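Throughout, numbering of the chain's residues begins at 1 and tracks the sequence. Treat the numbers as computed from the prediction; the structure is a model and nothing was measured.
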Amino acid sequence: LTAAGLCERLGATRGSFYHHFKNFDDFVAKFLDYWEERYSRDLIARPEAPDLWSQIDEQANLAIGLPHAAEAALRAWATVEPRVATAQRRVDELRRQGLAASLQRHGIPETQAAAFAAIAIAALAGIQVTRQPLDQSEMRAMYSELARALSQGGPS
C-alpha cells in the first residue's frame, strides 16, 4: 500500500492526498483511528437491547455487517506492519471487552461472559480470514450456535 497506488486506485491526485494528510504515515494513523472508532467504539456505544437474546442477535447483526474483506486485509497487513498489529489487537480487545460487559449487564456471570466474548471474537477473526467472500448465512449460523451454547450454560 502506497500513497501513489491509493491515489491511482481512487482516481485522486497525489496533491489532493497530501492536502488531507501530512504524509503516508499520517494517512495510516488516521485510517487506523477511524477504523477503531467507527467499527469498534461506535458499535460498542450503541444502545443495548432490553433482553439478553435480543442483545446477542443485535451483536451478531453488527458482526455480520462489518466490512469483512477490509478487516481480513487489515489482519494480513498486521502480520507485517507493527502499528497495524497494535491497532488490530486493540480493536479485538475493545470488541471482546464490550461484548463481555454487555453479556454481564444482561445477567451472564463474568467468567462465562469473558469466555463467550473471547470465542466470539476468535470466531469472527477466523471466519474473516478463512472465508472470502464471506457468506453471511454461514456467519449467522455460527453465531446462533454460539448463542445456543451460551443459553445452555456450555460444558460443565
Transitively linked via ILVMFWY side-chain contacts under 4.5 Å: [X] with [Y]?
| X | Y | answer |
| --- | --- | --- |
| Met139 | Tyr39 | yes |
| Val28 | Leu10 | yes |
| Val84 | Phe21 | yes |
| Leu134 | Val129 | no |
| Phe116 | Ile121 | no |

*Pick from Arg95, Arg89, Gln88, Arg90: which one makes a side chain to side chain donor-acceptor pair (under 3.5 Å) with Asp92?*
Gln88
Can you establish whether the number of heavy atoms outside [X] located under 6.0 Å from its atom [atom1] is more than 12?
| X | atom1 | answer |
| --- | --- | --- |
| Arg46 | CZ | no |
| Glu93 | CD | yes |
| Glu8 | CD | no |

Rounded to the nearest 0.5 Å, what separation is found between the [atom1] atom of [X] and the [atom2] atom of [Y]?
| X | Y | atom1 | atom2 | answer |
| --- | --- | --- | --- | --- |
| Ile64 | Asp135 | CD1 | CG | 10.0 Å |
| Arg105 | Gln55 | CZ | CD | 8.0 Å |
| Ile127 | Gln136 | CD1 | CD | 10.5 Å |
| Met142 | Ile119 | CE | CD1 | 11.5 Å |
| Ile56 | Tyr143 | CD1 | OH | 12.0 Å |
| Ile44 | Gln59 | CD1 | CD | 9.0 Å |

Taking all atoms of both residues into account, what is the closest heavy-atom pair of [X] and [Y], and its distance?
| X | Y | result |
| --- | --- | --- |
| Glu71 | Trp35 | OE2-NE1, 3.2 Å |
| Arg96 | Ala118 | CG-N, 3.9 Å |
| Leu103 | Leu52 | CD2-CD1, 3.7 Å |
| Leu99 | Ala117 | CD2-CA, 3.7 Å |
| Thr13 | Cys7 | O-SG, 3.6 Å |
| Glu138 | Arg131 | OE2-NE, 2.7 Å |

*Inter- and intrachain pairs under salt bridge (charged side-chain N to carboxylate O under 4.0 Å, His left out), touching residues 15-29, at least two apart*: Asp25-Arg83, Asp26-Lys30
*Do the side chain of Thr86 and the main chain of Pro82 share a donor and acceptor less than 3.5 angstrom apart?*
yes
*Is there a side-chain contact between Val91 and Leu74, using heavy atoms and a 4.5 Å cut-off?*
no
*Is there a side-chain contact between His68 and Gln132, using heavy atoms and a 4.5 Å cut-off?*
yes
*Determine, for Arg140 against Asp57, whether the closest basic-nitrogen to carboxylate-oxygen distance falls under 4.0 angstrom.*
yes
*What do you reckon, are the aromatic ring centroids of Phe27 and Phe24 less than 6.0 Å apart?*
yes
